[in-house]
Visitor: 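The structure that follows is given in the form of structure tokens.
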Amino acid sequence: MPHYLDHNATSPPHPDVVDAVCAAMRDDFANASSIHAPGRGAARHLEDARAELAGWTRTRAADWILTGGATESIHAAILGVRRARPGTVVSSAGEHSATLGILGQIEAEGGSVVRVGLDPQGRWSADEVLEEIGRIEGSGGRVSLVSLLWASNETGAVSDVAAVAHALRGRRIPLHLDAVQCFGRIRVDLEQVPAALVSLSAHKFGGPKGIGALHLRPGTPWRPWMHGGSQERGRRGGTPNVPGAAGLAAAIRAARREDLAGQWERLRESFEARVLAVLPDTVIHARGAQRLPNTSFLSFPGIDGECLLVRLDNLGFAVSAGSACTSGRTEPSHVLRAMGVRDDLAHASVRVSIGRGTHGDDLDALVAALEREIPGLRLGRTQRQAP
Ligand code: PLP
């Protein structure tokens, strides 16, 4: 078993989730839309998942739409509001690629999108969002919706969602939040943060892949995005994913019962302190911001992050690179770029994200591996660059 330190990409399913999914597949295989007894039995898993979501977030169960993950939830939120309320979409430069992708498509089709920047700690600013809205409305335009990332999947930086949610509620502009990385890590209380729409994905907190949800507050201008029947009260067509819903409900119960975020934060803080002790020029991004308790995004000046990732992989560590290889070229993270981080430093980054099953031993071993490997990677680079 490698040292799995990539929980922001996905977390391993909780044992309760595996049991719940298997049991639902075996015992409740009926179509949840069927009115016969087996169908009603299957439908109970959907209602159970909605009830768990509602209890966790202080919302109403009926306002949750189950989706095939967060990417679908984000598409449903943005496209669904735009259909009911055309206008400019206001977002940020630090969004996940699911949001970046659909906003790029909207622009390609002639729509208007405005993106606020990030501060050096990786946060968008509530004031800047509100100023942009004022500017758009002041020039006779209309804002369709505001779509923002609550916590960054890369840096873990948490932005001030409550300020925007309260300001926009008063102005009747729908706010959509991508809260995918928050569940099980920081409190998601949708009474305190009264956003119109909120997206999540179960596999980030021990649930199965391919199931997520969209919270749709009553009164939000929105039209269904996926058609096909009366499923999800006419808000999302397609045969419901009953085993996924059973797994989602089990994951929420386990996350609430175990409540491990404090433990992860202690592990992360000790890991970062030890890395800085052995490699003092390490840059830890967003360290001055409120961060997710499990995330550490580090740059090691003078190395290539991809080389480090491969080296760590060979040594049995699963971490993530801070740059993505697109069309044969390695591009630094758009998030680090938006924070104003130099390209060479952005190229020198890896993300370590911890979660259920991470032990102090995993991080001890990683610190030792970094201390051993980084000087060699720096040397290799200098030698390659020498004439
Ligand atoms: N938003 C954020 C912040 C994410 O981290 C992810 C997953 O990486 C998504 C959206 C998309 O989730 P999914 O791939 O489960 O649809």
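Remember, it's 1-based here, ligands and their atoms both numbered in the order they're listed.
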Visitor: Below 3.5 Å only, please: the N or O atoms of ligand 1 paired with protein N or O atoms, distance on each line.
Guide:
unit_1	atom_1	unit_2	atom_2	d
ligand 1	1 (N)	D178	OD1	3.3
ligand 1	1 (N)	D178	OD2	2.7
ligand 1	5 (O)	Q181	NE2	2.8
ligand 1	8 (O)	H96	NE2	3.1
ligand 1	8 (O)	K204	NZ	2.6
ligand 1	15 (O)	S201	OG	2.6
ligand 1	15 (O)	H203	NE2	2.8
ligand 1	16 (O)	A70	N	3.2
ligand 1	16 (O)	T71	N	2.8
ligand 1	16 (O)	T71	OG1	2.7

Visitor: Are E265 and R268 close enough for a salt bridge, meaning some N to O gap below 4.0 Å?
Guide: yes
Visitor: Picking from T99, T67, I102, what satisfies side chain to side chain contact (heavy atoms under 4.5 Å, CB included) with H75?
Guide: I102
Visitor: Indicate yes or no for a side-chain donor-acceptor contact from D63 to the backbone of R217 under 3.5 Å, with no hydrogens or angles considered.
Guide: no
Visitor: Report all side-chain donor-acceptor pairs from residues 160-173 shorter than 3.5 Å, counting only partners two or more places apart or in another chain.
Guide:
unit_1	atom_1	unit_2	atom_2	d
D160	OD1	A163	N	3.3
H166	NE2	Q192	O	3.0
R171	NH2	E137	OE1	2.9

Visitor: For residues V143 and R85, report the shortest heavy-atom separation together with the two atoms involved.
Guide: O-NH2, 2.8 Å
Visitor: Look at the side chain of S139 and the backbone N and O of R135, then say whether any donor-acceptor pair between them is shorter than 3.5 Å.
Guide: yes
